[in-house]
4 protein chains.
Amino acid sequence: MVRTETRAAYREAILDAATRVFGRLGFQDAKMADIAAEAGVAAGTVYNYFKNKEEVFRSILQRTHELVYQRILVHQRLEDPIERMRASTREAFDFLEEHGALFLLYVSIGGGFDWAQKRIEQALIDENHARYFALSQATLRDAVERGQLRSDLSIERLAVLLSGLTDATIFSWVRTGCPPASARKPTP
Amino acid sequence: MVRTETRAAYREAILDAATRVFGRLGFQDAKMADIAAEAGVAAGTVYNYFKNKEEVFRSILQRTHELVYQRILVHQRLEDPIERMRASTREAFDFLEEHGALFLLYVSIGGGFDWAQKRIEQALIDENHARYFALSQATLRDAVERGQLRSDLSIERLAVLLSGLTDATIFSWVRTGCPPASARKPTP
Amino acid sequence: MVRTETRAAYREAILDAATRVFGRLGFQDAKMADIAAEAGVAAGTVYNYFKNKEEVFRSILQRTHELVYQRILVHQRLEDPIERMRASTREAFDFLEEHGALFLLYVSIGGGFDWAQKRIEQALIDENHARYFALSQATLRDAVERGQLRSDLSIERLAVLLSGLTDATIFSWVRTGCPPASARKPTP
Amino acid sequence: MVRTETRAAYREAILDAATRVFGRLGFQDAKMADIAAEAGVAAGTVYNYFKNKEEVFRSILQRTHELVYQRILVHQRLEDPIERMRASTREAFDFLEEHGALFLLYVSIGGGFDWAQKRIEQALIDENHARYFALSQATLRDAVERGQLRSDLSIERLAVLLSGLTDATIFSWVRTGCPPASARKPTP
DNA sequence: CATGAATGAGGATTCATTCAT
DNA sequence: CATGAATGAATCCTCATTCAT
């Protein structure tokens with residue numbers, strides 16, 4: 001058991017380090033040696049936990065998605081769909097503010113910009129995106145059923161719109177540098 | 001004179017080739033040899049026209065910006081600001097459809113995701129973005145003066161919004177793969 | 001500890017190999033691959049020990065200087081300054097016979113002939129030369145004090161003269177190909 | 001005839017340019033393009049006059065040797081062998097002062113330091129050196145016959161000695177940077 | 001397993017030389 | 001012949017990955 005815990009600790013430490021390094025330098029410029037150094041382990045050690053650089057990357061992505069998803073999931077217990085939506089969105093933006101670099105990383109891949117990676121990661125991205133999307137659609141459907149939303153709109157299209165707006169905000173944010181002034185404005 | 005034309009032709013051919021290759025593989029994975037091969041010249045030849053890989057990239061960006069800007073500029077002659085805006089936006093999306101890969105490239109940099117490049121190109125990007133932005137603001141101001149737009153809104157904020165919406169569309173587009181179904185819908 | 005020894009051994013092996021290769025081909029024609037091959041290691045390994053080709057070169061120079069200097073230093077214990085001088089000079093020439101190629105290398109730089117290198121190494125060369133020179137002057141001064149040498153001569157000028165003669169011999173030697181017949185003649 | 005003159009003029013211009021460039025940068029660092037530019041011709045033109053970089057180099061060497069040899073030859077008309085010797089030596093040093101860089105070049109090859117070149121040029125060097133040497137020996141022999149020199153010394157050895165002293169001076173000169181203070185001192 | 005050094009494939013870039021105009 | 005651009009072989013160096021200790 002201790003062993004298992006130790007292994008897990010190492011793994012987390014490496015992922016943490018990799019997250020920082022990738023966030024700082026991007027995928028290509030981040031060297032395995034950098035990651036190892038940041039994690040305080042030897043270069044070879046990283047390979048005891050991850051097959052290669054790509055898998056380190058993929059693992060970060062997966063871990064992050066899981067984290068955000070879990071956080072958002074919590075808000076699904078809220079009774080009111082509108083509240084649920086609002087809380088989820090805020091959660092996403094809160095995460096953004098906390099983990100800027102990480103999100104950059106996510107976006108850079110999610111956006112499909114880093115081709116080399118895209119080939120490999122797209123499936124992963126899509127799968128996760130689908131999870132969020134399903135959540136979003138469920139909430140919207142709920143709202144329609146409760147009469148809080150017009151029923152003559154395509155749920156899917158609405159979900160796409162919402163997702164698009166979020167992406168747009170992130171995109172602008174990223175483009176302009178970072179702090180999206182209005183992001184934390186109190187919702188009226 | 002012939003020489004000058006020939007040189008220009010070579011330069012264009014290389015930029016065209018580079019655009020395709022970068023679009024296909026991204027900056028890092030695109031090899032100078034690939035670009036040369038795609039252009040049908042020897043590897044060394046590329047260096048007769050561009051100092052290095054980075055400059056090839058930068059030149060593509062600059063050339064594209066110029067092209068799009070010129071195209072949009074044409075529509076500025078339109079009397080009606082609203083029409084001007086509409087035409088400009090359509091122009092941008094038309095370009096997108098024609099030059100998908102190229103735009104991906106643009107976005108990948110403009111979004112600031114490819115760190116290594118960002119450091120270098122951001123100034124270029126910003127400068128060009130400012131040009132578009134100025135155009136956009138001028139048009140909006142015009143519209144306000146003509147009473148076609150509410151005058152109690154911040155022109156700058158409006159411009160940011162418009163820019164953001166465009167970016168959002170591109171972003172979603174890029175994310176989902178490519179064809180943004182609604183993009184060419186007849187404007188009502 | 002073993003590690004440290006192993007590392008040192010590798011380093012020495014590479015320097016030995018580099019010395020041979022540089023001696024055979026000169027700085028420019030010696031390829032890092034040649035050096036690696038001669039040392040029996042992979043090309044990349046050389047870079048684990050030296051930042052680049054230049055540093056390999058510089059290290060050879062430094063190591064050699066140190067070696068010769070230490071050998072000469074031993075003779076400084078001799079009581080009689082004249083004997084000290086004689087022994088030192090012979091040591092230098094002995095070294096020449098043992099390490100012809102190496103000395104060629106040294107001279108080629110010391111003489112300032114390999115421009116590209118000169119820029120970088122001159123300081124190193126000068127510094128070491130100064131050490132020998134100081135030793136030489138000290139010995140001469142000693143000889144003067146003991147009345148073994150005329151006191152009306154400039155010590156510095158004498159040292160320059162001695163140094164010049166040694167250089168001249170080496171120079172002729174190198175020019176003519178190598179074996180300076182008279183070099184090992186028994187000193188009467 | 002005009003043609004021939006033109007050709008000769010081009011050839012000389014290129015050699016002059018090459019001399020300057022080689023003197024400035026050394027053989028390896030001097031680019032054919034540099035030489036062409038310095039000569040004010042196109043890169044390809046150089047190849048109309050010389051087979052390759054090496055031949056440019058060889059030609060400089062040959063031309064210089066010829067020049068110095070001819071200058072020294074003039075002094076051979078002097079009656080007194082001692083005067084002849086003195087004049088020749090001074091000629092050599094005068095040349096040195098005028099063409100420092102060129103001489104550096106000569107020495108760098110003559111000394112056999114630039115290996116790549118040495119392989120090729122050594123024969124040329126040796127041949128020319130032999131000419132000087134023959135002149136020197138003839139003069140010495142003459143001096144012996146006239147009773148101006150002890151007859152119990154080996155002429156050859158004397159010639160070697162003289163040559164060595166000259167070389168030594170050049171060597172020290174080159175090593176220390178350049179101006180050999182005493183070189184032009186009035187011979188008492 | 002951790003370590004950290006060895007490995008070697010891979011790629012940007014340079015530049016002597018060639019050749020069409 | 002002069003020109004100057006095209007060529008592509010050649011080489012230094014990086015760094016992901018492997019492996020002996």
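All chains are named by letter (A, B, ...) in the order of the sequence lines, taking the proteins before the strands, and each is independently numbered beginning at 1.
Salt bridge status for C:Arg7 with C:Glu12: absent, with no side-chain N to carboxylate O gap under 4.0 Å.
The side chain of D:Tyr49 contributes an N or O atom lying less than 4.0 Å from OP1 or OP2 of F:dA2. The side chain of D:Asn48 contributes no N or O atom lying less than 4.0 Å from OP1 or OP2 of F:dC1.
Of all non-hydrogen atoms in C:Ile60 and C:Leu15, the two that sit nearest each other are CG1-CD2, 3.8 Å.
For the pair A:Leu25 and A:Val21, the minimum side-chain heavy-atom distance is below 4.5 Å.
For C:Tyr47, the side chain to side chain contact (heavy atoms under 4.5 Å, CB included) test picks out C:Met32, with sequence neighbours left out. Among residues two or more places apart in sequence or in another chain, the side chain to side chain contact (heavy atoms under 4.5 Å, CB included) test is passed with B:Asp16 by B:Arg20, B:Arg63. Taking D:Asn128 as the reference, D:Gln62, D:His65, D:Leu124, D:Arg131 meet the side chain to side chain contact (heavy atoms under 4.5 Å, CB included) condition, with sequence neighbours excluded. Partners of A:Phe50 under the ring-ring contact (aromatic ring centres under 6.0 Å, His included) rule, at least two apart in sequence or in another chain, do not exist in this structure.
Among the nucleotides E:dT17, E:dA2, F:dA5, the one closest to any side-chain atom of D:Tyr47 is E:dT17.
Put simply, CG on D:Asp29 is 10 Å from P on E:dA16, counting in whole angstrom units. Here E:dA16 presents its C1' atom at 12 Å from CG of D:Asp34, a figure rounded to the nearest Å.
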Can you give me the dot-bracket string for DNA chain E, 5' to 3', counting Watson-Crick and G-U wobble pairs with both distances under 3.5 Å, using [ ] for crossing pairs and | for partners on another strand? .||||||||||||||||||||
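Listed for the B:Lys53 side chain is no donor-acceptor partner under 3.5 Å among the backbone atoms of B:Lys31.
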Distances under 3.5 Å between nitrogen or oxygen atoms of protein and nucleotides 8-11 of chain E:
unit_1	atom_1	unit_2	atom_2	d
E:dG8	N7	C:Gly44	N	3.2

